[in-house]
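Just below is one structure, and these are the notes that go with it.
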Amino acid sequence: MKPSTPTLGDLGFEAMVLSGDTPSGEIEALFREDRGLRAVVVEVRGIPTLLTRDQLDHQMTGRLGYGRALNARVTAEALVPCTTFSLPPSLDLRAAAAALLDRPEESRYQDVLVVPASGSPRVVPVSQVLEGLSDVFRHAALHDPLTGLANRLGLEESGQALLAGSGSARTAALYVDLDDFKVINNTFGHRAGDSVLTAFAARLKACTRAADRVARLGGDEFAVLLANVDEASARALADRILRVLDEPFVHDGHLLHVSATLGLAMAADVGAGDPGARDGGASVRAGGQEPGTQLEDLLRQADAAMLQAKHEGKRRLGRIDPSRPESRFARQALIRRRLPHALSSAAFSLHYQPLMDIPTGECPAVEALLRWHDPELGAVSPTEFIHVAEHTGMIHAVGQWVIDQACAQARLWADAGTPRAISVNISPLQLAAGNLATVIHGSLQRHGVPPALLNVEITESAAIVDLSSAAAQLRTLIGAGIGVALDDYGTAYSSLSLLRELPLTGLKLDKSFIDTIDTDPTSAVLVANVMASARALGLRTTAEGVERETQLAVLRELRCDTAQGYLIARPLPPAELDVLSRRRVP
């Protein structure tokens, strides 16, 4: 599926080969008769040497204009330069360009002689090498390196052209997501996952026509733009895609069974509110939209249909009725499409919520909480976008941004004489990448922040798959002086076994335990038992969601170390937090 990488032997033209005893007059006549002739190859004692038009003109003109008279009787052997720059035909264009740049500046742009093991030598102009290299870079920018399919940028470019052409009203989009694909990576390794993705891309491409556009959007998500189809034809293609997955993939002797969920959207869907959008005529912009906007809406509609189908049971085709009110799946699809732009557009920010030391009443630490305000979506809650970031793999870039921003803020507070330790939330998927300690140490060093001013909180939005690897990374962090706490204890995946298997310095009790601690004796007993277990393990305890003085009083009685919640302070931007802190100073 991937195009073959161009080499130097694919460029230029087959050279005319002359013997070394060819008279200079004959050579000059060849160049005079063929104005497009750039160079010839002169073979001297079996060694090919390049003689270009410029080199010949220089010899025949001479410094004082007597060159032609002096060289009238010489042969080609006397005209060729002492050395010729030649390169092997198998050299790829990047290596060829690097070799050209190593040449002396005065000869850097002269043609290159390419001598194959068999066959005629070739002459390659430097301009062709640079143009070919430009094509290589352009192809890399528009295609997925693993599967060879178009990437998101490539789909946007070709898809806009498709929608701008005639018949765009009969364009459809299929959004394809492989079901539970992470199980393949977690069970058999990423090599197996890459093998499945490559093989599936080939099957997907085989299902489509030459006029269609197929792309890998990232991770295990693909898209197909279908040209000149009705809904029945689009559904038939979706059925073919589902059927090709009936055959398992083979990797290292293992049969890997994978299914997919698809979402379908028709071009008329995105212009459903415009009476002229469904006329089926030659209008190229449904609903008056530009092709780029229409493509974005079309993919989002197909994505939303896929998410709805996932919710309904997977391994099926989803279709959203465009006449019905926008569903939560449409918002989730837009979140998935807007999330990659959040980092580059400065849409993310960090707010900080104080952590109060219960015995002293002071707030020497804060928790960094990620906020996202999008121009299209408005305020997006972390509960909406964190699981999307984890599913799409964006969590690694987002997490690294949070760590770096927190370190930068810790440096500012330290320089201002008000140092605060900052806790950042870490997804188990960041632990799974295996480089968390490296990322954190890099940010600390970059901003000159002592490790004691950073803590990490392991969130349980996804289960920790490899406990031994996670434990090793956390042990490294603790050894460097960084605090490690288990967040939201008592919900989802957290259990006593995690306290036993993970190296920790702290434990944060989920708000659900604290809500009724001052009104329900059972809740107080449960919290007391957790506090006792944590103290026995040498862990500091933090209570989340403290909103009433009576809750704080019970926590003080139970010897909880730290409290966090609206009773102490809401999450605030750094400037507002500084103002609040100054007001509290007596």
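- Counting only heavy atoms from C-beta outward, the side chains of L100 and V126 approach each other to under 4.5 Å.
- A salt bridge between D194 and R191 is absent, with no side-chain N of the basic residue lying under 4.0 Å from a carboxylate O of the acidic one.
- Between the side chain of Q160 and the backbone N or O of E157, no donor-acceptor pair lies under 3.5 Å.
- Judged by distance alone, the side chain of T187 and the main-chain N or O of I184 form no donor-acceptor pair under 3.5 Å.
- Between D179 and K310 there is a salt bridge, since a side-chain N of the basic residue sits under 4.0 Å from a carboxylate O of the acidic one.
- The existence of a salt bridge linking K508 and E457 is confirmed by a sub-4.0 Å separation between a basic side-chain nitrogen and an acidic carboxylate oxygen.
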**OP:** Please step through salt bridge (Lys or Arg N to Asp or Glu O under 4.0 Å) for the pair K314 and D180, ending with a clear verdict.
**Re:** CA-CA 10 Å; K314 304 180 182 178; D180 302 318; 2.8 Å; yes
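- Contact check on R316 versus D239 returns no salt bridge, with no Lys/Arg side-chain nitrogen under 4.0 Å from an Asp/Glu carboxylate oxygen.
- Between the H139 side chain and the D135 main chain, no donor and acceptor come within less than 3.5 Å of each other.
- R319 places no side-chain N or O within 3.5 Å of a backbone atom of A309 that could act as its donor or acceptor partner.
- Q128 places no side-chain N or O within donor-acceptor distance of the main-chain N or O of P125, the cut-off being under 3.5 Å.
- Remark: D404 engages R446 in a salt bridge, criterion side-chain N to carboxylate O under 4.0 Å.
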Subject >> Verdict with reasoning, M266 to L264, per side chain to side chain contact (heavy atoms under 4.5 Å, CB included) >> reply: CA-CA 7 Å; M266 303 298 296; L264 169 64; 4.2 Å; yes
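- Between L133 and A97 the shortest heavy-atom distance is CD2-CB, 3.6 Å.
- Among all heavy-atom pairs drawn from G434 and Q473, the shortest one is C-OE1, 3.4 Å.
- When side chains are defined from C-beta on, Q332 counts as touching H387, because their heavy atoms get closer than 4.5 Å.
- Atom CD of Q405 is separated from atom CD of Q400 by 11.5 Å, given to the nearest 0.5 angstrom.
- Contact annotation: the side chain of L174 approaches that of L317 to within less than 4.5 Å [non-hydrogen atoms, C-beta and beyond].
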Subject >> side chain to side chain contact (heavy atoms under 4.5 Å, CB included) between L197 and L178, worked out >> reply: CA-CA 9 Å; L197 290 172; L178 299 181; 3.9 Å; yes
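- Contact check on E156 versus R152 returns no salt bridge, with no Lys/Arg side-chain nitrogen under 4.0 Å from an Asp/Glu carboxylate oxygen.
- Taken to the nearest 0.5 Å, the CG atom of L50 stands 13.5 Å off from the CZ atom of R122.
- Here the shortest heavy-atom pairing between A265 and A302 reads CB-N, 3.6 Å.
- Panel note: side chain S443, backbone I440; no donor-acceptor pair is recorded below 3.5 Å.
- Interatomic distance, CD1 of I335 versus CG of L377, reported as 5.5 Å (0.5 Å rounding).
- The pair K511-D488 does not meet the salt-bridge criterion, since no charged nitrogen lies less than 4.0 angstrom from a carboxylate oxygen.
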Original post:
When you look at D212 and R209, which way does the salt bridge (Lys or Arg N to Asp or Glu O under 4.0 Å) test go after all the steps?
Top reply: CA-CA 5 Å; D212 301 328; R209 305 160 301 168; 2.7 Å; yes
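- For the residue pair L155 and A150, the shortest heavy atom distance occurs at N-CB, 4.1 Å.
- The two residues G193 and N185 have their closest heavy-atom pair at CA-OD1, 3.3 Å.
- We find the OG-CG distance between S195 and D252 to be 8.0 Å, quoted to the nearest 0.5 Å.
- A ring-centre distance under 6.0 Å is not found for F249 and F188.
- Taking the side chain as every heavy atom from C-beta outward, R138 and L142 approach each other to under 4.5 Å.
- Note that CG of L87 is 9.0 Å distant from CG of L113, once rounded to the nearest 0.5 Å.
- Using a cut-off of 4.0 Å between Lys/Arg side-chain N and Asp/Glu carboxylate O, R338 and D374 are scored as salt-bridged.
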Subject >> side-chain hydrogen bond (donor to acceptor under 3.5 Å, both in side chains) between N435 and T438, intermediate numbers included >> reply: CA-CA 5 Å; N435 64 342; T438 302; over 6 Å; no
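- Here the side chains of I395 and Q430 are in contact, with some heavy-atom distance below 4.5 Å.
- Judged by distance alone, with hydrogens and angles left aside, the side-chain atoms of R108 form a donor-acceptor pair with the main-chain N or O of R103 at under 3.5 Å.
- Side-chain contact between L226 and L237 is present, with heavy atoms from C-beta onward closer than 4.5 Å.
- Ring-plane geometry between F385 and F348 is classed as tilted, the angle between the planes lying from 30 to 60 degrees on a 0 to 90 degree scale.
- In E221, the CD atom is crowded: over 12 heavy atoms of neighbouring residues, nucleotides or ligands sit closer than 6.0 Å.
- None of T147, L245, V224 except one satisfies the side-chain contact (heavy atoms from CB on, under 4.5 Å) rule with L204; the exception is V224.
- Across L225 and G159, no two heavy atoms sit closer than the pair CD1-CA, 3.5 Å.
- Side-chain atoms of R38 never come within 3.5 Å of backbone atoms of D111 as a donor-acceptor pair (strictly under, hydrogens ignored).
- Centroid-to-centroid, the aromatic rings of F222 and F200 come within less than 6.0 Å.
- Counting only heavy atoms from C-beta outward, the side chains of V136 and P6 approach each other to under 4.5 Å.
- A salt bridge links D303 with R336: at least one charged nitrogen is closer than 4.0 Å to a carboxylate oxygen.
- Checked for salt-bridge contact, R243 and D246 miss the test: no charged N lies under 4.0 Å from a carboxylate O.
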**OP:** Go through the steps for D510 and E544 under the test side chain to side chain contact (heavy atoms under 4.5 Å, CB included), then give the verdict.
**Re:** CA-CA 6 Å; D510 186 71; E544 299 178 306; 4.2 Å; yes
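- Between L8 and S90, every side-chain heavy-atom pair lies at or beyond the 4.5 Å cut-off.
- For the 3.5 Å distance criterion, the side chains of D230 and S233 qualify, holding a donor opposite an acceptor.
- Using modelled atom types, one finds no donor on one side chain facing an acceptor on the other under 3.5 Å when comparing H396 with E390.
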Subject >> L436 vs I403, side chain to side chain contact (heavy atoms under 4.5 Å, CB included): CA-CA, chis, key distance, verdict >> reply: CA-CA 10 Å; L436 179 62; I403 291 168; 4.2 Å; yes
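- Counted by atom type alone, N425 and E367 present one or more donor-acceptor pairs between their side chains at under 3.5 Å.
- Between the SG atom in C207 and the CD1 atom in I241 there is a gap of 5.5 Å [rounded to 0.5 Å].
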